[in-house]
Amino acid sequence: MSQWFSRARSLVFDVPRYGKLAYCLMRDERVPTAPKAALLATLGLIVSPVDLPAWIPLLGEFDMLALGILAVKVVGEACPDEIVREHEAALAVGTSTFDQDVRGLFGRARAQAGITIERLRDRREVAS
């Protein structure tokens, strides 16, 4: 049981890293189309309402998690090694495409929140 728990724990902790790597590889124009299509098909299967082993408690959730990680590993193996290493190194230091897009998203969200707050203040002043 301890070995199973250890593997499940490492699987759960690897998910964010593999998710970020998949995002970076999908955005990279140097990555071939076939691995990208395979990853998209797998993600489609994961979000699909059809889930055969879902009736098995706990295992029904881990199968989709494992399938996602497997898909990212397969895409990583189908990509040139130097591209994968480049993205992994960028993820490690926070300069990856994923990190840049997240920073940009939060920056736009903050800017929009500021605009919304100003509009609400203006409406409140007009209503007073």
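On a predicted model such as this, the values are computed, not experimentally measured, just so you know.
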Using 0.5 Å steps for rounding, measure from the OG1 atom of Thr97 to the CG atom of Leu21. 10.5 Å
Nearest atoms (heavy-atom pairs only) where Ala90 meets Asp99: O-OD2, 4.0 Å
How about His87 and Lys20: do any of their side-chain heavy atoms sit closer than 4.5 Å? no
To the closest 0.5 Å, what do you measure between CZ (Arg30) and CG (Leu25)? 9.5 Å
At what distance, to the nearest 0.5 angstrom, does CG of Asp81 lie from CD of Glu86? 12.5 Å
Does CZ in Arg119 sit with more than 12 non-hydrogen atoms of other residues, nucleotides or ligands closer than 6.0 Å? no
Before you tell me yes or no, could you show the steps for Glu118 and Arg121 under salt bridge (Lys or Arg N to Asp or Glu O under 4.0 Å), namely the whole-Å CA-CA distance, both residues' side-chain angles and the distance that decides it to 0.1 Å? CA-CA 5 Å; Glu118 287 300 317; Arg121 285 181 185 158; 3.1 Å; yes
With a 3.5 Å distance limit and no angle check, can you tell me whether Lys36 reaches the backbone of Asp28 through a side-chain donor-acceptor pair? yes
With rounding to the nearest 0.5 Å, note down the distance linking CD1 in Ile115 to CZ in Arg108. 12.5 Å
Heavy-atom check, side chain of Arg27 versus side chain of Gln100, under 4.5 Å: no
Is there a path from Phe98 to Phe106 through hydrophobic residues (I, L, V, M, F, W, Y) whose side chains come within less than 4.5 Å of each other? yes
